[in-house]
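These numbers come from a predicted model, not from an experiment. Heads up: numbering here begins at 1 and tracks the sequence.
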Amino acid sequence: MNTETMTIAKTILEQMGGNRFAIMTGAKNFVALGSVLMFSLPSRFAKDGINKIEIKLNVMDTYDVKFYKVAKFDAVTIASFEQVYAEDLQ
């Protein structure tokens, strides 16, 4: 994994509140893929069964955020938002 990928992922996490965010929400399994940070939430934590979140840095220097409900072999997109500003990630 290159350092740019890790830098982007760390920046996204810090903009959401860093370790405080992870502790307060129970978020875990953080994965950095290019300009994307993905992580899991505990079962029954979020509305509509959302248990996986993907945050992607886009070319406009804002974020595209997708919320998924993932079960064994099935993933359903519950909601998605484009051009979310860093201050709105929290």
Any donor-acceptor pair under 3.5 Å from Asp64 side chain to Gln83 backbone: yes

Value rounded to 0.5 Å, distance of CE in Met6 from NZ in Lys10: 5.0 Å

Side chains of Phe21 and Gln15 in contact at under 4.5 Å (non-hydrogen atoms): no

hydrophobic_cluster_shared for Leu41 and Phe30, side chain cutoff 4.5 Å: yes

Met38 and Ile55, any side-chain heavy atoms less than 4.5 Å apart: no

From CA spacing to verdict: side-chain contact (heavy atoms from CB on, under 4.5 Å), Ile12, Tyr63: CA-CA 9 Å; Ile12 293 171; Tyr63 298 98; 3.5 Å; yes

Beyond-backbone contact of Leu37 with Leu13, side-chain heavy atoms, under 4.5 angstrom: yes

Heavy-atom pair of closest approach, residues Gly49 and Lys69: O-CG, 3.4 Å

Shortest non-hydrogen separation from Glu54 to Tyr68 and the atoms involved: OE2-OH, 3.7 Å

More than 12 heavy atoms of other groups within 6.0 Å of Tyr85 OH: no

Within 6.0 angstrom of Asp74 CG, more than 12 heavy atoms from elsewhere: yes

Matching residue for Val84 among Thr62, Asn58, Leu89 - test: side chain to side chain contact (heavy atoms under 4.5 Å, CB included): Leu89

Verdict with reasoning, Phe39 to Asn29, per side-chain contact (heavy atoms from CB on, under 4.5 Å): CA-CA 5 Å; Phe39 57 91; Asn29 302 327; 5.9 Å; no

Heavy-atom donor-acceptor pair, Thr25 side chain to Ala27 backbone, under 3.5 Å: yes

Test side chain to side chain donor-acceptor pair (under 3.5 Å) applied to Lys56 and Ser35, step by step: CA-CA 6 Å; Lys56 178 180 182 182; Ser35 61; 5.3 Å; no

Minimal non-hydrogen separation, Gln90 against Gly17, with atom names: NE2-N, 4.0 Å

Interatomic spacing from CE in Met24 to CE in Met16 - rounded to 0.5 Å: 11.5 Å

Nearest-0.5 Å distance, CG of residue Leu33 to CD1 of residue Ile8: 11.5 Å

Closest approach of Val70 to Ala75 (non-hydrogen atoms, all atoms of both residues): CG2-CB, 4.1 Å

Residues Ser40 and Lys28: side-chain donor-acceptor under 3.5 angstrom: no

